[in-house]
Amino acid sequence: MADRSESGPDTDRRPINEQRRRRIEKIAELQALGIAPYPDRFPRTHTLAEAAALPEDARGLALAGRLILRRRFGKLTFGHIQDHDKAFQIALERDKVATGSLAGKEAYAVFQQLVDLGDFIGCEGDLMRTKTGELTLAVQRFTLLAKSLRPLPEKWHGLRDLELCYRQRYLDLIMNAETRARFALRRRVIAAFREGLDREGFVEVTTPTLVPTASGALATPFVTRHEALDMPAYLRIAPETYLKRLIVAGYDKVYEFAQSFRNEGMDPSHLQEFMLLEYYCAFWNYEDNMRFTERLLPAVITAATGSPVVKFQGREIDFTPPWPRIAFRDALARYAGAAPEDFPTLAALRAEVKKRVPEAAGIEHMGRGNLLDQLYKKCVRPQLAGPLFLVGHPIELSPLARRSDADASLTDRFQVLAGGREIVNAYSELVAPLEQRERFEEQMALRRAGDAEAMAAEDDYLLCMEYGMPPTSGWGLGLERFLCLLADRENLRDVVFFPFMRPQSEAGGAAEAAPGDTGAAPAPQGV
RNA sequence: GGGGGCAUAGCUCAGCCGGCAGAGCAGCGCCCUUUUAAGGCGAAGGUCGGAGGUUCGAGUCCUCCUGCCCUCACCA
């Protein structure tokens, strides 16, 4: 797009802002001086972090960044330019600076009057040290790289308004180093998981996000429509059954960072769109998997944060292995004083849950598994600081998990608990196709009985299983929840760049203008 | 979905018992060659989220609406 198009019609319908209008005027003034407001490139020699590591007599640097601070004196100006990783001081002297075809006083005036905080600029010059010892680029030539039209948030307090941080994350990232650090942590954690899994021989794969049946978890899917096939389609709620198909296909070890979608309530601990990391390993059982988990998580945490000890909500959680193991039944008995065998009938258990968790809804429709789960979630889990392995979950809670050989009412399943939260859910997979079909049918019966959580059956997956699935153990982790633990954050939105927000018009509640209705006097036509 | 809280200049925030709409930063005009949120002087900048109501008078009190935060329920 040609530079001059920027001085063309201004169709922004939002209330006129004085500063924005002034900056648009500056574009024309720059162009009149032969200065392009949006040039196409700048040959940068170093990032700002690289520049900061150079010897202080380094010469001939070309640095680029967003101008974020400026301290003007009469004939000397200090400023800071910022790139993603670093802010760096620049100094311009009136009689020693140039831009475009201008030099000295005229070039200096361009910097003072036509360059604004928020603009991207390129700066060429030599390093020096100021009287106060700060490594600084003495700028001989600067180049405007992009004119910004809106003022940045406050330079000292940054962007504080939570709603603006979510809606305009780019401003949050520009202004708040803590936010940048949080997303750098996300990047490091993902890289560390990849490294840990790759080194173990796992293969990263991609499976469908758009699916004909939402399976693999107990959740309400987002529904959409496949027009060409004239059928409903769903966004996946988990990658599980597709990854297991690949196990059947002969991949021994697969994993996926699977963006998943669940159409359920919004609160600080639930996102509609989130990332599940799942892996599956053929020939492992859940015990093998626990041993690997005990190696993988400390390695990832240490790689990402520098220590296996996580500080969370004022507590220290040490992931150094080994971690204690506790059976689901024992946890209920010890922390809730209510072992499952104390309530042999559904009615007795239901009465107990009603007594202890009176606020829970839908108790009448819950099966035995969900009733026990209520007791666990409300009375036991909050007390578990961890890290620890919770094992031996009731079979009703785990329709895709292998039945325990020792106790038919239990599954070969474990969860990793830390900070009162479930970090990992894993089990020996159910690989027997006929039993899987029965378990799905039990879920469908629960569904018909009113338990909305029960899992949907998936015939295509059952077909796949009938060709033979090796013994396998699978593992899943909610990436955002894990990141919140490492970043000591309560709200999952804090570790997602652009959380889903209800749209809001910029006019502050005014109705959306119809197309073509500019709502303001159009600016003069350019070109 | 229930309950509680917040919404004032581009940003960060004051605004008392209902009585002229405020500050800092940013921006604008001046002064200033070593600053670190530079400093000094000056002039601007507002649909107090929106719509009603009470009142002589509403940023302030009441009702409704919108958005966000917290919390409970549901869910990972």
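First the proteins, then the strands, lettered A, B, ... as listed; each starts at 1. Small disclaimer: the values here were computed from a predicted structure and weren't measured.
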Below 4.0 Å: OP1/OP2 of B/rA37 and any side-chain N or O of A/K155: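 No, outside the criterion.
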Any A/K131 side-chain N or O less than 4.0 Å from OP1/OP2 of B/rA38: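 No, no such contact exists.
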Side chain to side chain donor-acceptor pair (under 3.5 Å) against A/K377, all qualifying residues, sequence neighbours excluded: A/D373
Test side chain to side chain donor-acceptor pair (under 3.5 Å) applied to A/R66 - qualifying residues, sequence neighbours left out: none
In whole angstrom, give the distance that lies between atom [atom1] of [X] and atom [atom2] of [N].
X: A/D172; N: B/rC11; atom1: CG; atom2: P; value: 14 Å
X: A/Q19; N: B/rG45; atom1: CD; atom2: P; value: 13 Å
X: A/R20; N: B/rC11; atom1: CZ; atom2: C1'; value: 17 Å
X: A/H157; N: B/rG10; atom1: NE2; atom2: P; value: 18 Å
X: A/Y108; N: B/rC32; atom1: OH; atom2: P; value: 11 Å

Side chain to side chain contact (heavy atoms under 4.5 Å, CB included) partners for A/A103, two or more places apart: A/A98
Give none if [N] has no partner; otherwise give the nucleotide forming a Watson-Crick or G-U wobble pair with it, both distances under 3.5 Å.
N: B/rG57; answer: none
N: B/rG27; answer: none
N: B/rG45; answer: none
N: B/rG52; answer: B/rC62
N: B/rA38; answer: none
N: B/rG67; answer: B/rC6

Given A/Q19, A/E25, A/E18, the one that forms side chain to side chain donor-acceptor pair (under 3.5 Å) with A/R22: A/E25
Aromatic-base stack, A/F73 on B/rC32, cutoff 5.5 Å, angle under 30: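 A stacking contact does not exist, since A/F73 is not both close and nearly parallel to the base ring of B/rC32.
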Chi class for B/rC17: syn within 90° of 0, otherwise anti: syn
Pairing residues for A/Y279 by the ring pair (Phe, Tyr, Trp, His ring centres under 6.0 Å) criterion, not counting sequence neighbours: A/F202, A/F292, A/W475
Every protein N/O lying under 3.5 Å from an N/O of nucleotides 68-72 of chain B:
unit_1	atom_1	unit_2	atom_2	d
B/rC68	OP1	A/R502	N	3.2
B/rC68	O4'	A/E163	OE1	3.0
B/rC69	OP1	A/R493	NH1	2.6
B/rC70	OP1	A/N491	ND2	3.0

Salt-bridge contact A/D95-A/K105 (side-chain N to carboxylate O under 4.0 Å): no
Lys/Arg N to Asp/Glu carboxylate O, A/R160 vs A/E154, below 4.0 Å: no
Sugar-phosphate only, base, or nothing, as touched by A/L171 at under 4.0 Å among non-hydrogen atoms: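 Nothing: the residue A/L171, judged by heavy atoms under 4.0 Å, touches no strand.
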Sugar-phosphate, base or nothing in reach of A/L271, heavy atoms under 4.0 Å: base
No-hydrogen, no-angle side-chain donor-acceptor test under 3.5 Å, A/Q272 and A/N263: no
Distance-only donor-acceptor check, side chains A/Y280 and A/E278, under 3.5 Å: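 Yes, side-chain donor-acceptor contact under 3.5 Å.
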Interface with RNA chain B, restricted to residues 46-59 of chain A and to heavy atoms under 4.0 Å: none
A/L277 and its side chain to side chain contact (heavy atoms under 4.5 Å, CB included) partner, picked from A/V424, A/L197, A/I190, A/V189: A/L197
Heavy-atom donor-acceptor pair, A/Q89 side-chain to B/rU35 base, under 3.5 Å: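 A donor-acceptor contact between them is present.
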